[in-house]
Structures are given as C-alpha cells and as structure tokens.
Amino acid sequence: MCGMLIACRTGDEVEVRGRITNGSGPASQELSGAEDAWGGPGTTAATAKVRASVLEVDGQAKVIAEADVDDQGGYSLKLDQSYVRVILEAVGPTGRTRASALLDSTQPAPGQDVRTAPPMSTETSLEAEVYAQMVRDGVEPGNVDTVDLRLRLTSRRARAVRLSSDIPGALRTLSMAVRAAQQARISAYAAPGSVYFNKAELLSAPRDAASTLDLALDSGTTSAAKAYADFFAARDAALPMHSALEHQKAERDAGMVFRAIAKQACLGNDCQWDTSLAEIHATGAAVHFVLGQAGASALQPSADAAASELFSNLATSPANAAQAWTTYRARILDAEDSVLYRWAEDAGANRETMRSLVQAASGIGATLGVVMSELLRQDVSSSSPEALAQSINQTFTNYTTEMTRIVGFNLGAAGISAQTALKLMLITQEAARP
C-alpha cells in the first residue's frame with residue numbers, strides 16, 4: 001500500500017490517533033471470511049502495529065511513522081510534520097497488511113489538538129486501495145480529491161469488491177470511475193455561467209469538515225447519518241463561492257458518470273444504484289435554496305424534513321433506496337400536500353393545472369430515467385472518461401430543454417412564475433434513482 005504527496009514542512013510534530021475495527025463501515029453489513037488487507041472480523045486481534053506512509057513526488061512509498069496497537073485496536077502515531085493524503089495500514093506480526101484507511105490530511109478537527117483518523121474497516125480499506133490504484137494508473141497524488149473519493153466508495157461497494165473473483169480488475173475499474181467522476185464534477189463547476197472556480201480550493205476546502213467527520217465517526221456519539229449531514233453542511237460552508245444549484249449539478253453529473261463505470265465492479269445489483277450521500281444532500285440543499293430565492297421560506301422546513309428523512313433512510317438502509325426516493329419525490333412534487341402544490345397555491349395557481357403539469361414532468365423524468373438506466377447497462381469500458389461525462393451532461397441538457405419547453409410554457413400560461421416550479425421539478429427528477 002502507498003500513501004500521499006508530502007505537504008510543506010511546518011516544523012511542528014503532529015499526532016494522529018485512531019482505532020481498528022472488525023467491521024466493514026459506519027453503515028455496513030458485517031462481512032465474514034475477510035482476508036488480508038480488507039479488514040472485517042478478527043482484524044483487531046490480528047494487528048500488531050499501524051504504519052503511516054506517503055507517496056513522494058516520484059511515486060515511491062515512504063513510511064513516515066509506526067506505532068504499536070493496544071488490545072482494543074487503538075493506536076497513536078507521532079509524525080514529524082503535517083501531511084496530506086496519508087495511507088494508514090494495520091499490519092500483522094508477519095508484516096502483512098490487514099486493513100487500511102485514507103487520511104485526507106493530518107490537520108486536527110477545529111478545536112482539537114490531535115488528528116483523529118477514520119476507524120479502519122473494510123470500507124476504509126477499499127478507499128485506500130482505490131487511491132493507491134489511481135496513483136499507479138498515473139494520476140498525480142495532488143490531483144486526487146480524496147474527500148470526494150471517500151464519499152463515493154460505500155460499504156456496499158466494498159463488500160462487492162471484497163467478494164469479487166477479480167479484485168485487481170475491480171480496483172482498476174473503480175480507479176477509472178473515481179477519476180471520471182471527479183473530472184465531471186470539476187467540469188460542472190467550471191461550466192460557462194459559473195461565477196468562480198478554483199480547483200485547488202475545491203480540493204482543500206473540505207478538509208476541516210472531513211477531519212470533523214472522522215472525529216464523529218470515531219467517537220460514535222452521533223449516528224452516521226447525523227455525522228455525514230453535519231459534514232455536508234460544513235463542506236458547503238467552506239465553498240461559499242458556489243451556490244447550492246452548482247453543487248447539485250456537479251454531484252448529479254459526477255454521480256451518474258461514476259455509476260456508469262463502477263457498475264462493472266458490482267456483484268449483480270448489490271451496488272448498481274449505490275447513491276452517493278453527497279448527491280442526496282445536494283438535492284435537498286438545492287430545493288432549500290430555490291425556495292429561499294422564491295421567498296417561500298415558510299416551506300423550507302417541510303422540504304428539509306423530507307430531505308433529512310431521505311438522507312437517514314439511505315444512510316442506514318441503502319437496500320430500500322427505491323422506496324426512499326419515491327417517498328421523497330412525493331413530498332416535494334407529487335403528493336396533494338407536497339411542497340410544490342403548496343407553493344403553487346400560495347402563488348394563485350389552479351390545482352388541476354398544477355396536477356397535469358406535475359404528471360407531464362413525471363413523464364419526462366421517467367424518460368430521463370430510462371435513458372440513464374440504459375446507459376448503466378451499456379459497456380462503457382472503451383469510452384474515455386471525458387466522452388462519458390460529456391454524454392451524460394448532454395443527456396441532462398436535453399432533458400432540461402424538453403422540461404423547459406413543455407412544463408415551463410404551461411406554467412407561464414397558468415399565470416404563475418415558471419422558474420421556481422420548473423427548478424423544483426428539474427432538481428427532484430434529476431436526482432439519482434434506483
């Protein structure tokens with residue numbers, strides 16, 4: 001295993017504390033029979049020490065610290081300086097890696113003196129393995145957004161890779177998928193009309209939020225869903241130059257690109273539609289933003305409650321994704337007391353007119369779902385990440401054009417502001433769907 005690009009020397013010692021677990025992730029299914037390098041049951045007892053490594057600029061791994069592990073799997077590493085993109089490995093008595101984790105930076109969470117690492121598990125082991133594979137595939141360490149990488153690789157996907165008959169091939173697939181998703185995300189932020197874009201800030205700004213997330217996951221004092229929800233709020237606050245709509249479009253494109261490629265590293269349908277929590281958050285935040293723009297702040301609590309329920313359901317029960325998304329869309333668009341209907345009534349729109357428009361929008365959205373599902377079934381192994389990202393972006397563009405033509409015109413004819421309703425429909429229909 002290998003680690004990261006060395007940061008500038010600060011002259012101050014850094015302490016990293018963490019622990020090794022026997023599980024597969026913060027919202028996981030317990031694995032059985034896990035072997036070397038993948039965590040799972042028995043990992044804590046089989047670990048003798050923890051090793052921290054980095055990738056130097058020539059791509060060679062360099063061990064920067066080692067520490068013994070206590071009986072409960074805890075450890076404390078002393079580093080001579082601050083680093084970013086560190087690989088932490090749980091090493092057995094024979095020197096074989098039992099589990100690993102990716103540390104975005106050694107900067108402690110705000111208000112802390114020690115950096116708390118994410119608890120090592122099967123999920124974190126996959127994250128570290130994919131990062132190392134990306135570097136082996138020629139991506140410069142400094143160009144890998146490790147915070148984004150960790151969000152895309154879930155415990156369900158780790159389980160699928162761990163049980164694969166071709167783990168090296170699965171890692172190469174996920175390496176390409178993460179790379180393509182990150183390119184799509186960056187392209188979305190840099191698209192014409194974006195007020196500001198800085199790639200370095202996009203990569204570095206979320207690290208404080210990530211360190212706070214790791215601390216919360218390690219302490220176990222809050223649920224995983226609450227820890228991630230707090231993380232996304234902090235990440236958005238660290239990127240104030242981008243609006244919630246920009247975040248939503250970036251996560252929309254990146255998520256579809258990732259799934260189109262990463263499907264090859266799944267077993268059956270186990271993680272075919274494994275939605276990124278970042279997409280869920282971005283959808284809810286964008287709806288909140290649009291309501292605020294429309295002066296409908298009284299409806300924001302209802303929209304936020306629906307998004308929180310969706311987030312919690314998918315964080316804890318990802319297998320029930322279809323029902324969770326159906327319930328969310330109903331609360332925003334389709335139900336008689338949905339946010340959209342309540343907004344339209346306040347704006348003086350006729351309920352029957354709104355019902356027909358919602359049905360028309362749902363039909364266009366269903367067409368979008370069919371197109372995206374077909375894309376997920378295609379063999380994209382010969383497609384370049386750039387071409388795939390462009391194809392998905394064009395599909396969304398075509399969908400927006402059609403929605404604007406049909407729904408937007410009729411909303412205007414109904415005598416209400418088309419833009420708010422149209423945006424709510426677009427955001428909710430564009431969200432990742434099983």
Side-chain angles (χ1 to χ4, degrees), residues 1-8 16 36-39 50-66 77 79 81-91 95-107 117-118 120-154 157-158 161-162 164 166-186 199-200 202-204 206-207 210 214 254 257-258 261-262 264-265 381 384-386 389:
M1 289 299 305
C2 43
M4 61 164 230
L5 182 70
I6 296 178
C8 297
V16 175
D36 284 355
W38 286 95
V50 168
R51 180 169 60 212
S53 301
V54 300
L55 278 184
E56 297 184 293
V57 292
D58 61 358
Q60 296 298 309
K62 175 184 177 182
V63 176
I64 56 174
E66 289 186 346
L77 290 160
L79 280 63
Q81 65 178 78
S82 294
Y83 294 87
V84 293
R85 303 181 184 89
V86 178
I87 290 292
L88 303 171
E89 297 172 86
V91 182
R96 300 183 68 176
T97 299
R98 298 288 302 178
S100 51
L102 180 58
L103 192 65
D104 304 298
S105 77
T106 57
Q107 181 67 33
M120 286 194 206
S121 63
T122 301
E123 180 182 337
T124 66
S125 297
L126 176 65
E127 295 162 1
E129 291 274 8
V130 170
Y131 169 67
Q133 184 66 49
M134 291 179 72
V135 176
R136 289 195 293 268
D137 289 342
V139 182
E140 292 185 9
N143 285 330
V144 179
D145 186 343
T146 56
V147 176
D148 175 84
L149 179 154
R150 291 174 58 196
L151 294 172
R152 300 199 185 281
L153 300 174
T154 63
R157 200 165 293 277
V161 174
R162 170 64 190 83
S164 172
D166 181 16
I167 290 178
L171 291 176
R172 289 191 296 271
T173 295
L174 291 177
S175 168
M176 180 181 178
V178 172
R179 172 190 161 201
Q182 293 188 357
Q183 287 179 343
R185 185 167 177 258
I186 287 172
K199 181 179 177 180
L202 193 67
L203 267 61
S204 62
R207 287 181 187 148
D214 291 337
V257 170
F258 178 81
I261 298 174
Q264 299 173 64
S381 57
S384 71
E386 294 81 6

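Just so you know, residue 1 is the first one in the sequence shown, and it goes up from there. None of the values given here were measured: they were computed from a predicted structure.
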Test log, rule side-chain contact (heavy atoms from CB on, under 4.5 Å), inputs Ile261 and Thr173: CA-CA 7 Å; Ile261 298 174; Thr173 295; 4.2 Å; yes
Side-chain heavy-atom pair [X], [Y] within 4.5 angstrom cut-off:
X	Y	answer
Val161	Trp38	yes
Val130	Leu171	yes
Pro118	Arg150	yes
Ile186	Asp145	no
Arg185	Leu202	yes
Val139	Tyr131	no

Closest non-hydrogen atom pair, Ser82 against Thr106: CA-OG1, 3.3 Å
Chi angles and distances behind the side-chain contact (heavy atoms from CB on, under 4.5 Å) call for Gln133, Leu174: CA-CA 9 Å; Gln133 184 66 49; Leu174 291 177; over 6 Å; no
Note: Arg179-Asp137 ion pair, threshold 4.0 Å (strictly below): no
Contacts of type salt bridge (Lys or Arg N to Asp or Glu O under 4.0 Å), residue Arg51, not counting sequence neighbours: Glu89
Exercise: do Gln182 and Asp148 side chains pair donor with acceptor under 3.5 Å: yes
